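First up is the structure itself, then whatever we jot down about it.
FYI, side chains are in, hydrogens and waters are out, and symmetry mates aren't considered; it's all heavy atoms of this structure. Labels below follow one simple rule: chain letters A, B, ... track the order of the sequence lines, proteins then strands, and each chain is numbered from 1. Since the structure is predicted, the reported quantities are computational estimates derived from the model, not experimental observations.
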Amino acid sequence: DAGITQSPRHKVTETGTPVTLRCHQTENHRYMYWYRQDPGHGLRLIHYSYGVKDTDKGEVSDGYSVSRSKTEDFLLTLESATSSQTSVYFCATSGGAGTDTQYFGPGTRLTVL
Amino acid sequence: AQSVTQLDSQVPVFEEAPVELRCNYSSSVSVYLFWYVQYPNQGLQLLLKYLSGSTLVESINGFEAEFNKSQTSFHLRKPSVHISDTAEYFCAVRGASNTGKLIFGQGTTLQVKP
C-alpha cells in the first residue's frame, strides 16, 4: 500500500465555518488528487496537483480550494462549508499520469450541519 | 471528455455463482480502463487495469475484465464468487493525456449471499 494518510478521519462542523482536510503521502508521488464520494455519483474529482504549487480544477471544484507547498502534503479547504459538501473525501496519489496507478487514502467523512 | 456508465447499481448473487459487473464508457480519444474495489469503510484499491496489449486482463483474486473497443465496454467477471467479494466496485477511465484524471462510474454494489 502507498503510504497515504488523511486527517481528520471524521469531522462534524456547522454551515459557514471553514474546514481544512489534509492528505499526507510518503511515496514522493508527483500527482495528488482530491475526490468526493456521494451515493449514486461514484467519485468525482475536486482538484488535483501535478507538482508543488501546481494545481488545477476538477469536475466539482466550486466552493473548494487547494494548496500544495510540499511534495508530501495536499490540503483541501472549504472556505465556508455548506450542507451540500457533506460527503466522504478521498485523497489519491500517483507517481505519474497516463498508465500510473492511483493509490487512495482511507477517506475523511465530513458532515456539515 | 470521457464518461463511464455502470449499468447495475446493485448485483445480488449467491456464493459460488458466477457474476458479471457491466461497465460502458465513451471517449473521443484513446483510454486506459480500471476497476477499483472498495470494502466497507475503506478506501479504493486497484483490482485490475487495461493499458494496452491483450484485451483480457486478470486480477490475483480471480476477477477478469475484457476490453471491447467496438462495444466500448470493460465488463468485470468472476466465475465463482465468495462472501469476501462483497464490496462496491467502480469502473474508471482515463484519457491518454498528461493529467492522469480518472473519471469514475457510479459504482456497483456486489452482495454475495450464503
Side-chain angles (χ1 to χ4, degrees), chain A residues 1-7 9-10 21 23-25 27 29-51 54-61 66 74 87-109, chain B residues 1-10 21-25 27 29-53 57 59-60 67 74 76 87-109:
Chain A
D1 287 344
I4 304 171
T5 57
Q6 294 185 232
S7 59
R9 294 292 314 278
H10 302 271
L21 308 182
C23 176
H24 179 78
Q25 56 126 340
E27 302 297 314
H29 282 172
R30 177 184 174 190
Y31 289 81
M32 298 185 75
Y33 309 83
W34 276 109
Y35 293 90
R36 60 178 289 174
Q37 182 180 22
D38 304 288
H41 291 278
L43 279 78
R44 292 178 291 175
L45 182 66
I46 305 171
H47 282 281
Y48 68 100
S49 169
Y50 47 95
D54 293 323
T55 64
D56 204 350
K57 296 179 179 180
E59 181 185 0
V60 290
S61 59
V66 291
F74 193 32
S87 186
V88 181
Y89 292 85
F90 286 98
C91 173
T93 74
S94 65
T99 60
D100 283 40
T101 296
Q102 284 189 21
Y103 298 92
F104 284 78
T108 294
R109 184 174 295 275
Chain B
Q2 295 84 41
S3 67
V4 178
T5 301
Q6 291 183 243
L7 298 165
D8 305 292
S9 59
Q10 294 188 352
L21 307 184
R22 296 180 293 168
C23 172
N24 286 93
Y25 71 94
S27 177
V29 300
S30 297
V31 295
Y32 305 122
L33 294 156
F34 305 81
W35 275 100
Y36 280 84
V37 59
Q38 184 181 31
Y39 298 104
N41 299 312
Q42 294 186 25
L44 279 72
Q45 304 171 32
L46 180 69
L47 191 59
L48 46 76
K49 61 183 178 181
Y50 170 77
L51 304 178
S52 65
V57 290
S59 71
I60 59 173
F67 170 56
F74 191 54
L76 182 69
E88 190 159 19
Y89 292 79
F90 292 94
C91 181
V93 63
R94 174 193 289 162
S97 67
N98 291 326
T99 65
K101 291 187 287 185
L102 281 173
I103 305 298
F104 284 88
Q106 302 90 330
T108 297
T109 300

- Item | Side chain / backbone / both / neither for B/Glu88 at chain A, heavy atoms under 4.5 Å |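 The side chain, not the backbone.
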
- At a heavy-atom separation under 4.5 Å, does B/Leu44 approach chain A through its side chain, its backbone, both, or neither?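 Its backbone and side chain both get close to chain A.
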
- Task: Hey, could you give me the CZ/CG distance between A/Arg9 and B/Asn41, rounded to the nearest 0.5 Å?
- Result: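 Taking CZ in A/Arg9 and CG in B/Asn41, the distance rounds to 8.5 Å.
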
- Item | From CG (B/Leu46) to CZ (A/Phe104), nearest 0.5 Å |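 Going from CG on B/Leu46 over to CZ on A/Phe104, the span is 9.5 Å.
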
Minimum heavy-atom distance [X]-[Y], with the two atoms named:
X: B/Lys101; Y: A/Tyr48; value: CD-CE2, 3.5 Å
X: A/Gln37; Y: B/Phe90; value: NE2-CZ, 3.2 Å
X: B/Phe104; Y: A/Leu43; value: CB-O, 3.5 Å

- Query: In terms of heavy-atom contacts, does CZ of A/Arg44 have more than 12 from other residues, nucleotides or ligands at under 6.0 Å?
  - Reply: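 Atom CZ in A/Arg44 is packed in, count exceeds 12.
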
- Tell me, for A/Leu45 versus chain B, whether the close heavy atoms (under 4.5 Å) come from the side chain, the backbone, both or neither.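 Only the side chain of A/Leu45 comes within 4.5 Å of chain B.
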
- Taking the side chain as every heavy atom from C-beta outward, state whether B/Tyr36 and A/Thr101 have any pair of such atoms under 4.5 Å apart.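 Yes, side chains in contact.
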
